[in-house]
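Notes to accompany the following structure.
All values below come from the heavy atoms of this structure, side chains included, with hydrogens, waters and symmetry mates left out. Position 1 is the first residue of the sequence, and the numbers go up from there.
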Amino acid sequence: MFRQEEVFMGGWQDKTMESMRKRRFENQVSQLPPLGAGRLEALTPPAFRRKIEQCWQDIACKPMRSQQLSQVWRCVVGSVKEQADCLSHEEHELVERALLLGGSAQIEDAVELEAARALSLRLWASVGLVSGKPYIELETPILRPAAQAFSRPEHERVRQRFADFNEYLSGLLYRVGAVDDRQPQQVILRDVLGGKKEKNIQLARRYLWASCDCMDYSEGVMLLHPALADPSCLIRSGRRNPGLMYLPEKRITMDILPEEIPLQRDLERAISGVLRDGCRAEQVAQTLRYLCKQGAPLRAMEEVLQSSLIVVVSSFMHGALERMYYMTPKWIEPVECGSLQ
């Protein structure tokens, strides 16, 4: 989903993926109404009109409220098969859970809350609080059609093609940090949906917007790696064209480059056994690798590492961190690295 502009008050510690997601989750939950307030019949006339304007279907305008409600559900139910096929992975899991639980389900984390926000635009789901916890609710007219759409053999085939595409896109974003959404759209049209009809173009675009962190920029929409805190530098650099994109014949999952694996493992070994409660060596090393890729200076990385330890950073830890810093391919080169070249 589209990011809101953030102000990072706490330095690089505030730019870790975990900190960003926690902050967004808390901010979004604090703005949610009670669950029932999002149902269509509960919306005020201005809110109902805004909902129609913001939704991901083209809803014809009708003069009376009852006629408009009927038009909404005709449109949503009529497109539910296509929408169900093109849900993001997180949207799909959330809808499945809600269907199994009778139409509503608790939202567990920031990623699911982003998926719920997308579903509120795609399937007119209601998102709100129950006893202070976020929930999603699929309204009654959508329950049976959604369950039937999920049970189609064609649904499984489309979902498999999307799974292959999503793994490739995740790897691409890990390699380059950010990419304009137009090339991935073309890959979806060619390799997943099989045609450039206007309906497919809309579905491809909305799949990407629901699956990735996004932001508007002067030339369109940029898809971002979720760990990239400040993409403006990367966008200005022009490093956003990955060349022609083709899905590989075999599924490829890439959340770390081959040359980064020994650097990650060395740091994990260096910090194992001296971490604060709740911290895992693999997760801490990954967080530092993500900071490194987006241009964090070495001193800032050491400060983030120190916050996870119960001891002072040793020379052995510093050496592993330094090797990661200088040898990890970066999305954004820090100033101190550029001055050494």
Side-chain angles (χ1 to χ4, degrees), residues 1-2 21 24-25 28-29 32-43 51 54-57 59 72-130 133-167 169-170 188 192-193 199-200 202-214 226:
M1 288 294 290
F2 283 82
R21 282 180 168 168
R24 290 172 195 156
F25 182 73
Q28 290 169 16
V29 168
L32 289 177
L35 182 60
R39 298 185 188 121
L40 291 191
E41 67 272 11
L43 295 177
K51 183 87 170 178
Q54 295 169 354
C55 75
W56 285 358
Q57 287 90 17
I59 309 293
V72 165
W73 290 122
R74 275 198 300 271
C75 181
V76 175
V77 172
S79 65
V80 72
K81 291 180 182 179
E82 293 86 359
Q83 297 292 342
D85 289 346
C86 298
L87 297 174
S88 71
H89 174 73
E90 292 77 17
E91 284 179 297
H92 198 276
E93 289 196 338
L94 199 51
V95 171
E96 278 188 317
R97 194 160 78 240
L99 289 173
L100 289 171
L101 296 174
S104 64
Q106 185 176 340
I107 297 166
E108 301 292 345
D109 55 32
V111 175
E112 286 193 350
L113 185 53
E114 293 292 335
R117 288 176 59 209
L119 287 168
S120 73
L121 300 172
R122 190 196 294 276
L123 296 180
W124 291 67
S126 177
V127 183
L129 299 178
V130 176
K133 296 179 180 179
Y135 276 75
I136 184 171
E137 179 183 54
L138 302 177
E139 296 208 38
T140 302
I142 208 72
L143 295 178
R144 184 182 293 274
Q148 290 172 341
F150 275 27
S151 66
R152 294 153 43 240
E154 175 60 18
H155 179 72
E156 289 300 319
R157 291 192 287 270
V158 176
R159 294 305 300 173
Q160 184 59 59
R161 295 197 294 270
F162 266 122
D164 294 341
F165 168 79
N166 194 56
E167 289 195 0
L169 178 61
S170 297
I188 292 175
V192 181
L193 299 180
K199 178 179 67 175
N200 288 349
Q202 296 296 328
L203 290 169
R205 183 177 297 129
R206 288 158 186 166
Y207 174 84
L208 291 170
W209 293 354
S211 298
C212 304
D213 280 17
C214 308

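Residues passing the side chain to side chain contact (heavy atoms under 4.5 Å, CB included) test with Val29, sequence neighbours excluded: Phe25, Leu113, Leu129, Pro134. Legend: residues meeting salt bridge (charged side-chain N to carboxylate O under 4.0 Å, His left out) with Arg157, ordered by chain and number and at least two apart, are Glu154. Applying the side chain to side chain contact (heavy atoms under 4.5 Å, CB included) rule to Ala105 yields the partners Arg97, Ala98, Leu101, Ile136; only residues at least two apart in sequence or on another chain are considered. Residues passing the side chain to side chain contact (heavy atoms under 4.5 Å, CB included) test with Ala115, sequence neighbours excluded: Glu90, Glu91, Leu94. Under the rule for a ring-ring contact (aromatic ring centres under 6.0 Å, His included), the partners of Trp209 that lie at least two apart in sequence or sit in another chain are Phe2. Partners of Ser211 according to the side chain to side chain contact (heavy atoms under 4.5 Å, CB included) rule, which considers only residues two or more places apart in sequence or in another chain, are Ser88, Asn166, Tyr207.
For Gln57 (side chain) and Ser79 (main-chain N/O), no donor-acceptor pair under 3.5 Å exists by modelled atom type.
The shortest distance between side-chain heavy atoms of Ile188 and Phe162 falls below 4.5 Å. Contact annotation: the side chain of Leu121 approaches that of Gln54 to within less than 4.5 Å [non-hydrogen atoms, C-beta and beyond]. Using a 4.5 Å cut-off on side-chain heavy atoms (C-beta onward), Leu203 and Asp85 make no contact. Residues Pro141 and Val76 form no side-chain contact, since every pair of their non-hydrogen atoms from C-beta on lies 4.5 Å or further apart.
Gln28 and Arg24 share no side-chain donor-acceptor pair at under 3.5 Å.
In the displayed structure, Lys81 atom NZ is contacted under 6.0 Å by at most 12 heavy atoms of other residues, nucleotides or ligands.
Taking the six-membered ring for Trp and the full ring otherwise, Phe150 and His92 have centroids separated by under 6.0 Å.
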